[in-house]
Each structure stands twice: as C-alpha cells, then as structure tokens.
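Atoms considered below: every heavy atom in the structure, side chains included; atoms not considered: hydrogens, waters and symmetry mates.
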Amino acid sequence: MEPGFNVLFVCTFASDEPVEAVLEAARQLPEVHFYVTGDRRKKPASFFETAPPNVIFTGFLDPNGRYLGLLRAADAVVVLTTRDHTLQLGGCEAVAVGKPLITSDWLYLRQVFRGGAVFAANTAEGIRDAVIETRARHTELSEAIATFRQESRLEWND
C-alpha cells in the first residue's frame with residue numbers, strides 16, 4: 001500500500017455497488033489511496049482509463065492470499081450496496097481483521113455492524129464524508145471494531 005491513508009473498496013462490479021460514486025469520492029480526496037477489488041473483465045477498458053490516479057484496481061484476488069493481505073494492510077474497508085437488507089460479506093471480513101468499516105446507511109446494516117462502522121449515503125459526497133470521518137476517528141473506530149469483534153464472537157458462540 002501507499003504511504004498515507006488507504007481504503008480498500010471490496011467490489012465485484014455488481015449492479016448494486018455504487019462504483020461510480022466511489023470513483024468520484026476518490027477524485028475529491030486525492031490524498032487518499034483507494035484500492036478497488038473485482039474482476040476487471042466486468043467493465044470496459046474506458047471505465048478504468050477515466051479513474052482518478054489515486055485509484056488502484058487490483059483485479060480479482062485470491063481470498064486467502066493477496067486479498068487477505070490488503071484487508072490487513074488497509075486503514076479502512078469500504079463495502080457498499082444500493083439494496084436494503086443485503087448482508088455485506090466484505091463488512092464481516094473487515095470485522096474479522098479488525099478494520100474500521102464504511103458501509104451503506106441502511107437500518108439493517110446499522111443493526112448488523114454495531115461498532116466501528118461509519119454509515120454512508122451511496123453518493124460521492126456521502127462516501128467522501130465517510131472517508132474523511134473515518135480518517136479523523138481512525139483510532140477510536142479501530143478500538144470500537146475490535147470490541148465489536150470480540151462481543152460478536154461471544155454472541156455467535158452462544
């Protein structure tokens with residue numbers, strides 16, 4: 001990862017992921033590095049050519065190899081959906097590795113991710129503001145996600 005603040009956008013280029021909004025948020029935050037996962041074959045080459053220079057498209061990553069390494073190295077994980085009542089597996093992965101999470105502002109996701117998360121509108125401004133907030137509150141959110149992970153494990157074990 002690059003020096004500075006790095007976010008990992010867990011993406012599959014599915015129709016419910018606001019990818020264009022993430023790219024616009026990245027354009028508005030040139031000092032933040034955005035790593036975007038997902039199979040590049042799902043988008044035309046022109047899509048990648050117009051992305052801002054602080055966006056790195058990783059392509060599809062082996063879940064147990066480089067993907068896990070990026071999860072652990074990122075300062076925050078972004079997982080977004082425009083569909084309510086959609087569990088974010090990438091959000092669960094962020095919790096598992098103890099990384100602050102930025103996810104969509106749905107009541108369901110607020111109930112699932114009760115600690116260490118910032119909830120964003122699925123707009124460029126909402127995502128930008130969530131990244132700014134996460135960077136400003138990084139230590140606090142890191143501690144909160146670790147506590148949430150521990151509490152969740154106890155709850156799941158019961």
Side-chain angles (χ1 to χ4, degrees), residues 1-14 16-19 21-43 48 51-81 86-106 108-120 122 126-157:
M1 297 223 149
E2 298 290 325
F5 198 75
N6 295 281
V7 297
L8 175 62
F9 175 37
V10 178
C11 178
T12 63
F13 298 114
D16 70 312
E17 296 170 333
V19 178
V22 171
L23 296 184
E24 182 54 35
R27 192 170 277 109
Q28 295 175 24
L29 295 168
E31 72 284 5
V32 176
H33 306 284
F34 286 75
Y35 292 80
V36 180
T37 66
D39 185 349
R40 292 177 56 112
R41 294 174 296 180
K42 293 184 177 182
K43 291 284 187 186
F48 302 100
N54 59 325
V55 174
I56 299 101
F57 293 98
T58 67
F60 177 78
L61 301 172
D62 173 356
N64 295 319
R66 189 160 175 242
Y67 177 69
L68 185 56
L70 276 174
L71 271 173
R72 288 182 172 147
D75 295 300
V77 177
V78 178
V79 188
L80 302 166
T81 181
T86 301
L87 179 60
Q88 299 295 287
L89 182 57
C92 296
E93 293 165 343
V95 172
V97 297
K99 295 297 174 173
L101 172 65
I102 297 169
T103 194
S104 299
D105 193 5
W106 294 109
Y108 172 72
L109 294 175
R110 284 183 176 272
Q111 293 169 340
V112 171
F113 300 112
R114 298 179 307 275
V118 173
F119 300 93
N122 289 313
I127 297 162
R128 177 202 63 213
D129 292 349
V131 170
I132 291 169
E133 178 182 349
T134 302
R135 184 174 50 185
R137 298 177 51 214
H138 189 262
T139 300
E140 170 196 343
L141 290 167
S142 296
E143 292 169 358
I145 201 89
T147 300
F148 174 63
R149 177 181 62 202
Q150 184 177 3
E151 291 170 353
S152 296
R153 284 184 177 161
L154 294 173
E155 183 179 315
W156 296 334
N157 287 339

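In this structure, Arg153 contributes its side chain and Gln150 its backbone to no donor-acceptor pair below 3.5 Å.
Geometric assessment of Arg40 against the ring of Phe48 yields a positive cation-pi assignment under the 6.0 Å and 45° thresholds.
If you take CG on Asp129 and CG on Leu29, they are separated by 8.5 Å, rounding to the nearest 0.5 Å. Put simply, OH on Tyr108 and CD on Gln88 are 9.0 Å apart, with the number rounded to the nearest 0.5 Å. To the nearest 0.5 Å, atoms CG (Leu80) and CD (Glu17) are separated by 8.0 Å.
Of the candidates Asp16, Thr81, Asn122, Thr86, Asn122 is the only one forming a side chain to side chain donor-acceptor pair (under 3.5 Å) with Ser104.
Looking only at side-chain heavy atoms (C-beta outward), Val79 and Ile102 stay at 4.5 Å or farther from each other. Residues Leu70 and Asn6 fail the side-chain proximity criterion, which asks for heavy atoms closer than 4.5 Å. Residues Val112 and Leu87 have side chains in contact (heavy-atom distance under 4.5 Å, counting atoms from C-beta outward). Inter-residue side-chain proximity for Tyr67 and Val10 is flagged as met; some heavy-atom pair is nearer than 4.5 Å. Counting heavy atoms from C-beta on, the side chains of Leu71 and Lys99 never come closer than 4.5 Å. Inter-residue side-chain proximity for Asn54 and Phe34 is flagged as met; some heavy-atom pair is nearer than 4.5 Å.
Heavy-atom contacts from other residues, nucleotides or ligands closer than 6.0 Å to CZ of Arg137 number more than 12.
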Please test Asp75 against Arg135 for salt bridge (charged side-chain N to carboxylate O under 4.0 Å, His left out), starting from the C-alpha separation and ending with a verdict. CA-CA 8 Å; Asp75 295 300; Arg135 184 174 50 185; over 6 Å; no
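In this structure, Phe57 and Phe13 have tilted ring planes: the angle between them lies in the 30° to 60° band.
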